[in-house]
Each structure stands twice: as structure tokens, then as C-alpha cells.
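A quick write-up on the structure given underneath.
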Amino acid sequence: MQLVCVSGHTLLALLFLVAAYIDLCDAASVFDVYRAIQYDLRGIPMGSRRASLNHHASSGLSVPGSDITRSVVILPIAKVNITLLNEYLQGKRILGGLLLLLPEKGHGDDNKDEDADENLQVERDLENWIIKNNVPYPVYFVYETPSLKALLDEVIANDLAGKPATATTGGFKLVISGPEPRKIPPPSLVNIQAWLPGLRSEGDSSVVQTIAIVAWYDTFGAAPGIPAGTDSNGSGAVALLEIARLFSRLYANPKTRGRYNLLFALTAGGPYDYEGTSKWLKSFDQRLRESIDYAICLNSLGSISGEKLWLHVSKPPENAYIRQIHEGLSEVATELGLTVEVKHKKINISSSRVAWEHEQFSRQRITAATLSELETPPELLENAGSIVDTRANITQVILSTKLVAESLARYIYDQQDKHITVFADGSNLAVSRSYVQGWLNLLSRTPRMAPFLSRNSPIIAAFHKELADRIEDVKIQHETMDSSFTFYDSTKFVLSIFQVASVTFDLVVMLAVGSYLGLLFVIALVTTKGLDDLFRKPPSSRKIKGT
């Protein structure tokens with residue numbers, strides 16, 4: 001009875017020990033994380049090239065005692081040292097992985113401290129570094145939460161105390177499992193166009209001229225799974241939808257229908273030299289192409305603060321059409337407290353690089369201009385939906401929308417220099433703040449990188465429905481993206497963070513379990529055979545001669 005009692009107490013102690021071990025090895029937290037972009041450009045690998053993680057956490061690239069090749073470095077995105085990252089990359093030093101913390105959702109957008117601009121530049125530099133380098137280890141983004149911040153604080157405290165997480169000391173371990181990313185088939189580019197026919201006078205057989213209003217809606221950034229690009233170019237797409245809504249009301253009544261056809265187009269492939277726009281234009285028949293009076297392209301109209309917009313053109317500012325477009329916009333801009341300045345840039349037909357969307361029109365010999373808050377054209381794949389572009393100034397978007405709509409109306413109804421306001425505030429034709437805000441909110445929550453949008457993507461369906469509900473003639477065009485880009489899948493994962501024990505603790509547990517099992521064996525043997533049998537010499541197995 002005493003032996004059974006001892007065994008029971010030993011078992012209870014062992015259970016407590018194992019329970020403590022399991023608790024230390026249990027998952028501390030689980031987070032949704034977003035993998036950095038992986039793609040090939042003309043066969044050259046770019047972006048993060050791996051996905052799996054199974055390493056201890058570290059708070060920096062230079063923590064004493066930490067094996068950086070077996071560590072996942074956790075860093076707030078605004079505190080990343082690009083120079084140090086470059087040194088590691090150029091020196092071909094491998095990291096176990098990089099986990100970058102984004103500001104918590106719903107926080108940080110309105111910070112206006114003196115370091116805000118500097119932090120924003122660091123974030124843009126980091127994104128550009130990921131996009132334009134072959135990064136041979138996993139890179140992930142995660143939104144900061146209180147629990148994740150507390151975990152990082154603990155990692156930092158351990159690192160500062162000279163106790164970095166290792167297999168010997170234990171600590172936090174980050175695990176992401178799953179198949180390695182695979183190439184995806186050549187993606188589709190989906191363009192959406194809506195046609196509002198202009199008024200033709202009775203007996204007039206001449207072709208009704210057309211004005212095109214165009215904006216690209218997709219994005220490109222360091223993390224395909226993160227919603228971004230609210231300004232670039234969500235603001236342009238939203239402005240186009242609101243202008244279409246306003247003119248659809250005017251054109252619904254024959255008495256207020258304008259003398260121009262209006263052609264609205266939401267195009268894809270904006271970050272890739274406006275490839276969707278190019279293919280859309282090539283689908284035009286000769287009659288439609290010749291009927292276009294001019295096209296206005298909307299690009300990044302929601303600057304956080306700014307009173308100047310730029311009208312980018314390929315033809316000289318002295319050109320009669322360009323001067324007319326500029327004067328019409330400038331007249332309304334003055335009334336709204338804005339400034340519109342012309343920026344002329346010749347295009348190089350022999351180059352495949354297209355700086356602005358209107359240049360695709362210019363290549364088809366169609367007069368066009370791009371209205372933007374940006375003074376200079378971005379480089380390829382830059383400023384096309386950055387992960388730091390998560391909001392737009394609603395007031396600025398409304399002003400820009402009203403500027404374009406009002407200047408169009410005065411041109412269409414031949415009301416230049418008359419200072420007549422068609423879309424007056426407070427009228428039933430006013431630019432709707434709730435409408436603009438609603439669409440900006442939707443785009444700020446919706447990833448829109450074209451290679452990862454299916455043909456039946458909800459955001460594409462939403463664009464199509466919105467235009468089709470107001471305009472009768474709406475079409476969708478599907479095109480295959482240029483083969484110079486190859487993209488890889490797996491953009492979102494689940495990260496498990498475990499707090500694991502040290503090797504010393506593992507040895508203690510192993511010895512305790514081994515000792516207990518040995519004790520159980522002795523107890524069982526004594527109980528069943530008696531103490532004498534435990535020390536009795538076993539009989540010889542040698543055969544006796546003559547038997």
C-alpha cells in the first residue's frame with residue numbers, strides 16, 4: 001500500500017512538471033501576417049524568395065550573442081535601418097527572417113509629430129528596397145497589436161539583458177508552415193468602360209465628339225495582401241465614379257444632355273506602364289478614336305495637404321487644345337482656392353517606359369492630359385499603391401472631383417468665362433461627401449494588386465455594378481498581362497509564436513521522466529515478484545551435458 005502511495009505522489013509530481021513544460025511550449029499568440037511580394041521581372045528574381053519560418057525571435061540585426069542566421073528579426077517599420085539591411089544583402093549574410101510591424105489598424109493616421117515625414121520616407125525606402133532587390137529570406141508584415149507590442153518589449157528586454165533567444169536559453173519562437181510559393185498563370189487585366197451618348201441635333205449627321213475620363217484602379221506594393229493605394233490611385237478611381245454619377249443624372253434628361261459623348265474608363269495595369277490602358281485603346285475602332293476630342297486622366301488626387309495640382313501633357317502648353325484644357329481647369333481652380341500648373345514632358349516612342357497614363361493616348365495620337373498632385377512621374381513600380389498609402393484627404397478628393405466635373409460641364413455646355421456653377425454645394429447635383437468617403441473607405445480595406453484579382457473579384461464586380469446602375473452602356477474588357485512579369489502566390493499566412501523552454505529545462509524534464517519510468521519499473525517488479533527476485537542471479541542458459 002505504501003509503494004502504491006509513493007507511486008501516486010511521484011506520478012502527480014511528474015504531471016505537474018510535464019504540465020509546466022507544455023505551458024512553456026504552448027503558442028503564445030497567433031497572428032495574420034502578409035508576405036512580401038515575390039515576382040520576376042524579365043526573368044530577374046525580385047522580392048522575398050522564401051516563405052517558411054521556424055526560428056527564435058530577435059529585436060535587432062546586431063544583438064550580441066544572437067545567431068542572426070537562425071533568428072527572425074522583429075522591427076517596427078519606421079525603425080528599419082535600410083543601410084544595415086543593404087550591408088547584409090550585399091555581403092550575402094542570411095537572416096532567418098524579417099517581421100515588420102505596421103501601425104495598428106485605425107491608429108497612427110493622424111500623427112502629425114515632427115518625425116512623421118521622416119518616418120514616412122523610411123517606410124517608402126524600405127518598400128522600394130523589398131521591391132527592387134532579390135531578398136533570399138522570408139519577409140513578412142503584421143499589424144501591431146497590444147499583445148504583439150508586449151511580446152516585442154519582452155524580446156527587447158531579454159536582448160538588452162544579454163539573454164537573446166537561442167536553443168540553449170529558450171525564448172520566443174516564430175513558426176510559419178506551408179508549401180513554398182508557386183508561379184501563378186499570366187494574370188488578367190480587367191478594364192471597365194461606361195458610355196454616355198451625347199445629344200445629337202435633329203438632322204445633324206456629323207460625328208458627336210467624345211471626351212474620355214480615365215483612371216487606373218489597381219495597385220502595386222511590397223505586400224500584395226495588404227489593402228493600400230487609397231490615394232494612388234484610389235482617389236482617381238473614386239473621383240471618376242463620382243463624376244460619372246453626376247453626369248449620368250444630367251444626361252438622363254434630354255433637356256440637360258450635353259453635346260459631347262462621355263467615355264469613362266477604369267483601367268488595370270497602371271503600375272505596369274499602364275498596360276491595361278494601352279490594350280483598351282488598341283481595341284478602339286477608327287471612328288471612335290477619331291471622335292475623341294481629348295482625354296483627362298486622374299492620378300493621385302487626395303494628397304494629405306496641398307493646394308496645387310499638375311496638368312501633365314505631352315504636347316507643348318502652347319497647343320490650342322492643351323491651352324483650352326488648362327484654362328478651363330484654372331478658372332474653376334481659382335474659385336476653389338486651388339492652382340493648376342502645366343508640366344510638359346515629351347514622350348519617347350521608342351522606349352517602353354510610360355511615365356503617365358495620358359502618354360498611352362498620345363502614342364495613339366489622341367490629345368490627353370493627366371491631372372495629379374504629383375509633380376514628377378514615379379519610377380516603374382513606385383508610388384503605385386504603397387503600404388503606407390492607406391488614406392486620402394477626403395476634402396482634397398472632393399475639391400479635385402469638383403474641379404474636374406465643373407470644368408467639364410462648362411466646356412460641354414459652352415459656359416466658359418461665365419462663372420456658372422453646375423455642381424453647386426447644397427444642390428441636388430453637389431459632389432457627395434458621403435459617396436466619396438464610402439468608396440475611399442472601401443478601397444482602403446481592399447487589396448487591389450491586379451495579378452491577384454480574379455475576373456470575378458468583388459471589387460471589380462462592385463465597380464461594374466456601380467457604373468451599370470447609373471449608365472446603360474457598360475462593358476468589361478479582359479486582357480492578359482504582359483509576360484515580362486511573373487508573380488508568385490501565397491500572400492497571407494498565419495504566424496504562431498511559441499514561448500519555448502531552454503535545453504537545460506528539456507534535460508531536466510527528460511531526466512525526471514526517465515527517473516520516474518525507472519522507478520515505476522522497479523516498483524512493478526518488486527510488487528509482482530518480490531524483493532528476492534530483484535537480486536536473484538538468473539539461471540544459466542547453458543545446456544547440461546547428457547540432457
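Excluded from the calculations below are hydrogen atoms, water molecules and symmetry mates; all remaining heavy atoms, backbone and side chain alike, are included. Heads up: numbering here begins at 1 and tracks the sequence.
Comment: Lys345 engages Glu359 in a salt bridge, judged by a side-chain N to carboxylate O separation of less than 4.0 angstrom. Salt bridge annotation for Glu242-Arg245: present, with a cationic side-chain nitrogen under 4.0 angstrom from a carboxylate oxygen. A salt bridge links Glu331 with Arg410: the distance from a Lys NZ or Arg NE/NH1/NH2 to an Asp or Glu carboxylate oxygen falls below 4.0 Å. Salt bridge absent: Arg391 and Asp231 never bring a charged side-chain N and a carboxylate O closer than 4.0 Å. The residues Glu341 and Lys308 are annotated as salt-bridged, a charged nitrogen and a carboxylate oxygen being separated by less than 4.0 angstrom. Between Arg289 and Asp285 there is no salt bridge, since no side-chain N of the basic residue sits under 4.0 Å from a carboxylate O of the acidic one.
Between the side chain of Arg35 and the main chain of Pro138, no donor-acceptor pair closer than 3.5 Å is present. Remark: side-chain polar atoms of Thr230 are paired, donor with acceptor, to backbone N or O of Thr390 under 3.5 angstrom. Not a single donor-acceptor pair under 3.5 Å links the side chain of Thr421 to the backbone N or O of Ala424.
A donor atom on one side chain and an acceptor atom on the other are not found under 3.5 Å apart for Glu406 and Tyr411. Under the 3.5 Å distance criterion, with hydrogens and angles disregarded, a donor-acceptor pair is assigned to the side chains of Glu357 and Thr267. Side chains of Asn348 and Ser350: a donor-acceptor N/O pair is present below 3.5 angstrom, by distance only. Between the side chains of Ser372 and Thr370, no donor-acceptor pair of N or O atoms lies under 3.5 Å.
Relative orientation of the Trp439 and Phe463 rings is parallel, given thresholds of 30° and 60° on the angle between their planes. Aromatic ring orientation, Phe485 versus Phe487: parallel (interplanar angle below 30°, classes split at 30° and 60°). Taking the six-membered ring for Trp and thresholds of 30 and 60 degrees, Trp356 and His312 have nearly parallel ring planes, at less than 30 degrees apart.
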In sequence, state the C-alpha distance, the side-chain angles, and the governing distance for Lys402 and Asp425, and then conclude on salt bridge (charged side-chain N to carboxylate O under 4.0 Å, His left out).
CA-CA 10 Å; Lys402 188 172 182 179; Asp425 293 340; 3.1 Å; yes
Run Ile476 and Arg455 through side-chain contact (heavy atoms from CB on, under 4.5 Å) and show every step you take.
CA-CA 10 Å; Ile476 288 184; Arg455 292 190 173 198; over 6 Å; no
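Atom CD of Glu335 sits in a crowded spot, with more than 12 heavy atoms from other residues, nucleotides or ligands closer than 6.0 Å.
For Phe247 and Tyr260, the distance between ring centers is not under 6.0 angstrom. Taking the ring centroids of Phe452 and Tyr488, they lie at or beyond the 6.0 Å cut-off.
Two residues are said to be in side-chain contact when any heavy atoms from C-beta on lie closer than 4.5 Å; Arg363 and Ile349 meet this criterion.
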